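To start, the structure under review is shown below, and the notes come after it.
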Amino acid sequence: MKYGYARVSTEAQDLTAQIDRLQTAGCQRIFFEKQSGKDANRPQLKRLLRGLKAGDVVYAVVSDRVARDPFDLLSILRTVTAAGAGLRLLDEPFIDTTSEMSDLVLFLVGWAAKWQRRRILQNTANGRARAMAMGVKFGRKPKLSMQQRVEALARLAAGEAKGAVASSFKVSGSTISRLQSQHLR
């Protein structure tokens with residue numbers, strides 16, 4: 001059976017063009033959804049993948065409609081091929097697991113995913129290093145200002161209960177406990 005899969009990211013976007021193309025390609029059943037492609041955890045995609053049988057073919061217009069992340073695409077490709085089905089992309093004919101070159105396609109997609117992931121990690125590390133060199137502070141902003149921390153520590157040193165100090169600053173007791181333990185180091 002020929003299945004189609006169409007996706008847009010938001011309710012405001014229109015699926016009509018994708019659905020028309022999938023119908024023209026001969027898809028007998030089309031699964032579609034309006035949901036972000038940031039991960040493969042999408043109800044209609046899962047439903048489609050669960051129902052695949054040997055000989056079925058899944059069509060989509062382009063790869064980013066199926067998955068935005070190359071690792072997700074590789075995982076979806078593995079699910080499709082494990083079912084004995086195929087995947088074909090209308091605008092990216094080099095991704096066609098129904099061809100004789102399907103093993104090569106899967107290898108190349110896997111290699112591209114691995115390469116892209118390394119590039120992302122390297123770019124992120126470089127950007128973080130540049131930001132730190134420019135004095136950018138990472139992480140959550142402190143709940144208490146420096147003056148409030150000094151006051152809280154003084155009140156704790158004077159014997160006031162942690163709960164009372166926390167309540168007066170409108171923070172949790174664990175925030176005051178962390179402040180105290182950091183001060184004792």
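Quantities reported herein were computed from a predicted structural model and do not represent experimental measurements.
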| task | Please check if any side-chain donor atom of Gln18 sits under 3.5 Å from a side-chain acceptor atom of Arg21, or the reverse. | result | no

Next on the checklist: If we count only N and O atoms by modelled type, under 3.5 Å, do the side chains of Ser172 and Thr175 hold a donor and an acceptor together?
Outcome noted: yes

Can you measure from [atom1] ([X]) to [atom2] ([Y]) and round to the nearest 0.5 angstrom?
X	Y	atom1	atom2	answer
Arg178	Gln182	CZ	CD	7.5 Å
Met132	Phe138	CE	CZ	6.5 Å
Gln148	Leu153	CD	CG	12.0 Å
Leu144	Lys170	CG	NZ	12.5 Å
Tyr59	Gln28	OH	CD	9.5 Å
Tyr3	Arg29	OH	CZ	6.5 Å

With a sphere of 6.0 Å drawn around CD of Gln147, does it hold more than 12 non-hydrogen atoms of other residues, nucleotides or ligands?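 No, because the 6.0 Å sphere around CD of Gln147 holds 12 heavy atoms or fewer from other groups.
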
Checklist entry - Taking atom CZ of Phe32 as the centre, does the number of heavy atoms from other residues, nucleotides or ligands within less than 6.0 Å exceed 12? => result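 Result for CZ/Phe32: open.
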
Which atom pair, heavy atoms only, marks the closest approach of [X] to [Y]?
X	Y	result
Gly51	Asp56	O-OD2, 4.1 Å
Thr98	Gly86	CG2-CA, 3.8 Å
Ala40	Lys46	O-CG, 4.4 Å
Ala164	Arg155	O-NH2, 4.0 Å
Ala6	Ile19	CB-CG1, 4.3 Å
Arg65	Tyr5	O-CE2, 3.2 Å

Group every Ile, Leu, Val, Met, Phe, Trp and Tyr by side-chain heavy-atom contacts under 4.5 Å, then state whether [X] and [Y] land in the same group.
X	Y	value
Val58	Met1	yes
Leu49	Val57	no
Phe31	Leu87	yes
Val61	Val66	no
Leu15	Leu48	no

Original post:
Do Pro43 and Gln35 come within less than 4.5 Å of each other through their side chains, counting heavy atoms only?
Top reply: yes

Closer than 3.5 angstrom, by distance alone: can the side chain of [X] be matched with the main-chain N or O of [Y] as a donor-acceptor pair?
X	Y	result
Lys162	Leu156	no
Glu33	Leu45	yes
Thr124	Ile120	yes
Glu92	Ser63	yes

field: For Arg42, salt bridge (charged side-chain N to carboxylate O under 4.0 Å, His left out) partners two or more places apart
entry: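 Here no residue qualifies.
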
- Query: So Gln44 and Arg47, side-chain hydrogen bond (donor to acceptor under 3.5 Å, both in side chains) or not? Walk me through it.
  - Reply: CA-CA 5 Å; Gln44 292 300 312; Arg47 201 165 139 224; 3.1 Å; yes

